[in-house]
K.L.:
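A single structure is presented below for examination.
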2 protein chains.
Amino acid sequence: MSEKSYHHGDLKNTLIQVGIKMLAEEGIEGFSLRKVAREAGVTHSAPYAHFADKQAMIAAISTDGYRKVYERINAVVEQFPNEPLRQFIETAWVYVSFGFDEPDHFKITFSGSVEREREYPALVEMTGKTFDTLRQLIIRCQEADLIDNGEPDLAAVTVWGFVHGFVHLIQESMVSHVVTNRYTKREMLILSLNHLLKTPLTKDPQDGSLLGSGIQTTQE
Amino acid sequence: MSEKSYHHGDLKNTLIQVGIKMLAEEGIEGFSLRKVAREAGVTHSAPYAHFADKQAMIAAISTDGYRKVYERINAVVEQFPNEPLRQFIETAWVYVSFGFDEPDHFKITFSGSVEREREYPALVEMTGKTFDTLRQLIIRCQEADLIDNGEPDLAAVTVWGFVHGFVHLIQESMVSHVVTNRYTKREMLILSLNHLLKTPLTKDPQDGSLLGSGIQTTQE
DNA sequence: TGATTAATCTTTACAATGTCTAGATTGTAT
DNA sequence: ATACAATCTAGACATTGTAAAGATTAATCA
């Protein structure tokens, strides 16, 4: 907010936000430290007071993406208490819609843009917390007899891999138009997730837009 | 093979192979056009006679990755005729083991390193052929009542997304050690794929290392 | 409070990279 | 054999990530 002072005041967060905006506008290929600094109104070396290098800045952007998804997931979990199925579907939907709405931020966050050599504590923490939330959800679904019993960690990996690959394929337009014309993304997601459920959801004969249990498929 | 001639002879393919080798040795972050050219023994501008730009070269490397997977999949399909279940499992295993054995070539090939703006005909063709093979396999599995009926394209997307996400999570070491210590990668894959089968495979009580139908899980 | 210290930002510099242009060399076709 | 097209080199340029040294300000402590 400070107009013209030598010290910016909140440069670190500004850089992260500018970086996210630039990702949305120009994509990953056009992403550069110097451009972010320029856009933030500082010199190209200013970021080095806050990030060790470009990778560290990318890690921070990734951490922010995790934080967003983590908060949204916790929101829908609280929104549908005692409805594990709905929690399950909506959690998946949070993940994939982040991928569709902010594809480049999603990629930075979840698609391995951060090198695994160095460890970034904040990022590791968010990864762990997100995975824990997912695992708890899985366990609740197992208790409600919605999905097969078994190692919750393994089931969590299955589910996460599932939705991640789903976003990826659609992002890379590897899905034939035959399919994308026939189904909405949400329908495809639910139909795919259906394979993981013990008793798959079926179309309500009266209201075709519902797949039982009041879960909307037409929402885009 | 030509030692010292002005014209290299087969520079285009040499560049692709050198590029793949460099990916395996130095990873994606260290990948550069100039380094590839240097390694191939030509000047930094020589590649521009064969590739429009760096993206085009990456697209060629991606195409080569698709070709490899495509050929290996067709090999295992022919190896187990009239055994759709085995074809299914081994096809998935081809995909994921490519990801584990050559992680960076895998990423270039399947993880969206190629920008979707320009179209690369050879790449588009390989993508299509690979997807077609998968779809045919799905249809055969459906006919054998192994997986649910329904739009084969959608099922193919589900399966592909599934295995892709699986590789991704393990590559990015997002899978907790609790799981990776207990199961081999192949076991995890089969246990995950199990969710897609109408009648899931179960452990053979006599031979614990088999999950019915003679499919090995211990193979690494 | 005032001096010292640490954090933050600028300036300058450098090597590496992707890409462009002009020209040299060589294979190919007429 | 000559012309042409393909292939490769040489050189140049802007951009990038990163490092070093110094300027400016905030924080700390006597």
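Order of the sequence lines fixes the chain letters, A, B, ..., with proteins taken first and strands second; residue numbering starts at 1 for each chain. The basis for the numbers below is simple: all heavy atoms, side chains too, and nothing from hydrogens, waters or symmetry mates.
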K.L.:
Sub-3.5 Å donor-acceptor pair from the side chain of B:Glu119 to the main-chain atoms of B:Val124, do we have one?
P.N.:
no
K.L.:
When you measure from the side chain of B:Ala49, which nucleotide among D:dA19, D:dT7, C:dC9 comes out closest?
P.N.:
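So the side chain of B:Ala49 is nearest to D:dT7.
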K.L.:
How is A:Thr43 classified with respect to the nucleic acid when contacts are heavy atoms under 4.0 Å: base, sugar-phosphate, or nothing?
P.N.:
base
K.L.:
What's the closest nucleotide to the A:His50 side chain, out of D:dT9, C:dT8, C:dG18?
P.N.:
C:dT8
K.L.:
Determine, for A:Lys21 against A:Glu39, whether the closest basic-nitrogen to carboxylate-oxygen distance falls under 4.0 angstrom.
P.N.:
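Not counted as a salt bridge, because no side-chain N and carboxylate O are separated by less than 4.0 Å.
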K.L.:
Whole Å only: how far is the NZ atom of B:Lys12 from the P atom of D:dC8?
P.N.:
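Roughly 12 Å, once rounded to whole Å.
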K.L.:
Measure CG/A:Asp10 against C1'/C:dA7 and give the value in whole Å, please.
P.N.:
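Taking CG of A:Asp10 and C1' of C:dA7, I get 15 Å after rounding.
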K.L.:
DNA chain D: A:Lys35 or A:Ala52, which has the more 5' nearest nucleotide?
P.N.:
A:Lys35
K.L.:
Whole-Å distance between D:dA10 P and B:Arg38 CZ?
P.N.:
14 Å
K.L.:
Within a 6.0 Å radius of atom CG on A:Asn82, are there more than 12 heavy atoms belonging to other residues, nucleotides or ligands?
P.N.:
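Result for CG/A:Asn82: open.
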K.L.:
May I have the distance from A:Glu115 (atom CD) to D:dG17 (atom P), rounded to whole angstrom?
P.N.:
13 Å
K.L.:
Is there a donor on the side chain of A:Ser45 or the base of C:dT11 sitting less than 3.5 Å from an acceptor on the other?
P.N.:
yes
K.L.:
Between A:Arg118 and A:Gln55, do the side chains contain an N or O donor and an N or O acceptor separated by less than 3.5 Å?
P.N.:
no
K.L.:
Could you tell me how far apart A:Glu29 (CD) and D:dT16 (P) are, to the nearest whole angstrom?
P.N.:
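In whole Å, D:dT16 P and A:Glu29 CD are 13 Å from each other.
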K.L.:
Rounded to the Å, how far apart are B:Tyr48 OH and C:dG18 P?
P.N.:
7 Å
K.L.:
Below 3.5 Å, does any donor atom in the side chain of A:His44 face an acceptor in the base of C:dT11, or the other way round?
P.N.:
no
K.L.:
Take atom CE of B:Met22 and atom P of C:dT17, then tell me their distance rounded to the nearest Å.
P.N.:
9 Å
K.L.:
Under 4.0 Å between a Lys/Arg side-chain N and an Asp/Glu carboxylate O for A:Glu71 and A:Arg67?
P.N.:
yes
K.L.:
Please report the distance, rounded to the nearest Å, between CZ in A:Arg34 and P in D:dT18.
P.N.:
11 Å
